[in-house]
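Take a look at the structure set out below.
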Amino acid sequence: MAFKIITWNINSVRLRIGIVERLLKEQQPDVLCLQETKCVNDAFPRKSFEKLGYAHNAVHGQKGYHGVAIISKSPLSQTSSTDFCNMGDTRHIEAVVETPGGPVRIHNFYVPAGGDEPDPIINSKFDHKLKFIDGMKALSGVQDGVPNILVGDLNIAPLENDVWSHKQLLKIVSHTPVETQGLTMVMNAGDWVDCMRQHIPPSEKLYTWWSYRARDWEASNRGRRLDHVWSAPQLAQQLVSVDVLKEARGWEKPSDHVPVIAVFDL
DNA sequence: ATGACGGATCTAATCCGA
């Protein structure tokens, strides 16, 4: 049976609950993973999701910044969060969901952006980002026999065609060699498959984020692929489709990220 | 690199995003 999962950096779930509801109505995913919810757990709009048939959630938020959530039609179990750099940030949550093909663990990440200067000596935010992705190397695509799907805003565009200009972004945080190589090491260490690039060839430009600062995001089209869907190899064999919902960047009061939709036959 | 937006917060001015 088809299992649809969507990941979306929503940039404030309370402000944009209207377009989240639109996405759920139009796409009817089994699971929705959100990043940058920007609210404490008590302020999370649970009722809006329940009304649309999403009675189950795993929410890990804080005041004003970061925050991640897994929303599901069916029950979630083994919910937990890991604080990768022990800084008290709400950047990860995981849970297990039952599918017709058995249990699947979902990891939902919001990796630190890393600030402006790509130098860990003078920029503590970049240092934090590098340490965070170093910590992710311990994560395997299969844990306790349960295959995993890893999604989220990883804030790194690893391939040349994941940015509008490889050459011009080599020294820009999100596309520097230490970051892109670091993310590749995380993938290799955990035996993860990049589902988006399995489905859409690396020769094609592919973006999930367009800056708010451009006068016309669509015309300038200076995007980056910062949002990702990874899975264990056994799940990647059952991948049916991957779609980047670019139109959502043009919705009313949009997030600067768009939803990424993956369908597996489980 | 460019261009100068948009969110949350002690609702003003600042920090943060990437």
Side-chain angles (χ1 to χ4, degrees), chain A residues 7-20 34-45 59-69 85 87-92 109-120 122-133 136 152-183 205-228 244 246 248-260:
Chain A
T7 180
W8 196 8
N9 178 320
I10 192 59
N11 187 16
S12 176
V13 68
R14 288 178 296 173
L15 188 70
R16 291 189 227 289
I17 188 64
I19 58 171
V20 175
L34 297 173
Q35 304 86 35
E36 284 208 86
T37 53
K38 295 190 175 180
C39 63
V40 296
N41 294 351
D42 285 348
F44 191 84
V59 175
H60 187 44
Q62 69 187 80
K63 191 175 180 179
Y65 301 105
H66 323 313
V68 286
C85 292
M87 293 178 68
D89 288 350
T90 54
R91 297 181 177 276
H92 167 262
F109 276 94
Y110 176 53
V111 172
D116 283 325
E117 273 306 319
D119 180 347
I122 61 168
N123 175 11
S124 61
K125 292 177 185 174
F126 196 70
D127 184 58
H128 178 205
K129 184 178 196 175
L130 296 183
K131 286 185 169 127
F132 194 100
I133 60 173
M136 288 175 72
D153 177 3
L154 305 185
N155 267 318
I156 296 172
L159 305 180
E160 293 196 9
N161 285 324
D162 292 341
V163 292
W164 62 275
S165 169
H166 169 63
K167 201 175 167 184
Q168 290 181 80
L169 273 83
L170 272 171
K171 291 180 178 172
I172 302 300
V173 172
S174 74
H175 194 61
T176 65
V178 65
E179 293 170 86
T180 58
Q181 288 163 14
L183 200 65
K205 290 284 186 191
L206 188 59
Y207 313 140
T208 64
W209 171 90
W210 291 263
S211 172
Y212 282 129
R213 298 192 185 193
R215 275 203 192 87
D216 185 334
W217 69 273
E218 200 166 17
S220 65
N221 198 25
R222 292 180 171 184
R224 304 177 201 172
R225 182 169 74 110
L226 303 179
D227 303 275
H228 297 268
V244 175
K246 186 178 176 183
R249 186 62 179 78
W251 288 357
E252 191 180 355
K253 291 262 283 175
S255 169
D256 45 357
H257 296 252
V258 298
V260 180

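Side chains included, hydrogens not; waters and symmetry mates left out as well; all remaining heavy atoms used. These figures come from a predicted structure and were not determined experimentally. In what follows, chains carry the letters A, B, and so on, assigned in the order in which the sequence lines appear, proteins first and then strands, with residues in each chain numbered from 1.
To the nearest angstrom, P of dG17(B) lies 10 Å from NE2 of His128(A). One atom, NE2 of His175(A), and another, C1' of dA1(B), lie 13 Å apart when rounded to the nearest Å. Taking atom CD of residue Glu36(A) and atom C1' of nucleotide dG17(B), one finds them 6 Å apart after rounding to whole Å. When the C1' atom of dA18(B) is taken as reference, atom CG of Asp227(A) falls 12 Å away, rounded to whole Å. In this structure, CG of Asn221(A) is placed 17 Å from P of dT2(B), rounded to the nearest angstrom. When the P atom of dA18(B) is taken as reference, atom CG of Asp162(A) falls 16 Å away, rounded to whole Å. Protein atom CH2 of Trp210(A) is 17 Å distant from nucleotide atom C1' of dG17(B), rounded to whole Å. Between the CD atom of Gln62(A) and the P atom of dG17(B) there is a distance of 11 Å, rounded to whole Å.
Comparing the same atom, P, in dA8(B) and in dA4(B) gives a spacing of 23 Å after rounding to whole Å. One C1' atom belongs to dG7(B), the other to dA13(B), and the distance between them is 14 Å to the nearest Å. Rounded to a whole angstrom, the distance from the C1' atom of dC5(B) to that of dA18(B) is 13 Å. Rounded to whole Å, the P atom of dG17(B) lies 15 Å from the corresponding atom of dT9(B). Taking atom P on both nucleotides, dA1(B) is separated from dG6(B) by 25 Å, rounded to a whole Å.
Closest to the side chain of Tyr65(A), from the set dA18(B), dT9(B), dC15(B), is dC15(B). Among the nucleotides dA18(B), dA4(B), dG17(B), the one closest to the side chain of Asp116(A) is dA18(B). The side chain of Arg213(A) lies closest to dC5(B) when the candidates are dC5(B), dG6(B), dT9(B).
Taking only side-chain nitrogens and oxygens, Ser12(A) never comes nearer than 4.0 Å to OP1 or OP2 of dG6(B). Between Asn9(A) and dA18(B) there is a side-chain polar atom (N or O) within less than 4.0 angstrom of OP1 or OP2. Applying the 4.0 Å criterion to OP1 and OP2 of dC5(B), one finds that Arg249(A) has every side-chain N and O outside that range. Taking only side-chain nitrogens and oxygens, Arg222(A) never comes nearer than 4.0 Å to OP1 or OP2 of dA1(B).
Checked by atom type, the side-chain pair His175(A)/His166(A) shows a donor-acceptor distance below 3.5 Å. Remark: the Asn9(A) side chain and the Glu36(A) side chain contain an N/O donor-acceptor pair separated by less than 3.5 Å. Counting only N and O atoms by type, the side chains of Ser174(A) and Arg224(A) include a donor and acceptor under 3.5 Å apart.
In this structure, the side chains of Asp89(A) and Gln62(A) come closer than 4.5 Å at one or more pairs of heavy atoms.
In summary, Glu179(A) and Lys129(A) engage in a salt bridge, as defined by a charged side-chain N under 4.0 Å from a carboxylate O.
Relative orientation of the Trp251(A) and Trp8(A) rings is perpendicular, given thresholds of 30° and 60° on the angle between their planes.
Using a 4.0 Å heavy-atom criterion, one finds that Tyr110(A) contacts the sugar-phosphate atoms exclusively. Leu15(A) comes within 4.0 angstrom of sugar-phosphate atoms only, judged by non-hydrogen atoms across all strands, and of no base. In this structure, Lys253(A) reaches the sugar-phosphate backbone alone: every heavy-atom distance under 4.0 Å involves primed, P, OP1 or OP2 atoms, never a base. Counting non-hydrogen atoms under 4.0 angstrom, Asp216(A) reaches nothing in the nucleic acid. Across all strands, Asp256(A) comes closer than 4.0 Å to no nucleic acid atom at all (heavy-atom distances). Base contact: Arg224(A) has a heavy atom under 4.0 Å from a base atom. Residue-level contact check: His257(A) touches the backbone only, with heavy atoms under 4.0 Å from sugar-phosphate atoms and none from bases.
Between Lys129(A) and Ile172(A), the residue anchored closer to the 5' end of DNA chain B is Ile172(A), taking for each the nucleotide with the nearest heavy atom. Comparing Lys125(A) and Asn11(A) along DNA chain B, the residue whose closest nucleotide (by nearest heavy atom) sits nearer the 5' end is Asn11(A).
Across all their heavy atoms, Asn155(A) and Tyr110(A) have their closest contact at ND2-CE1, 3.8 Å.
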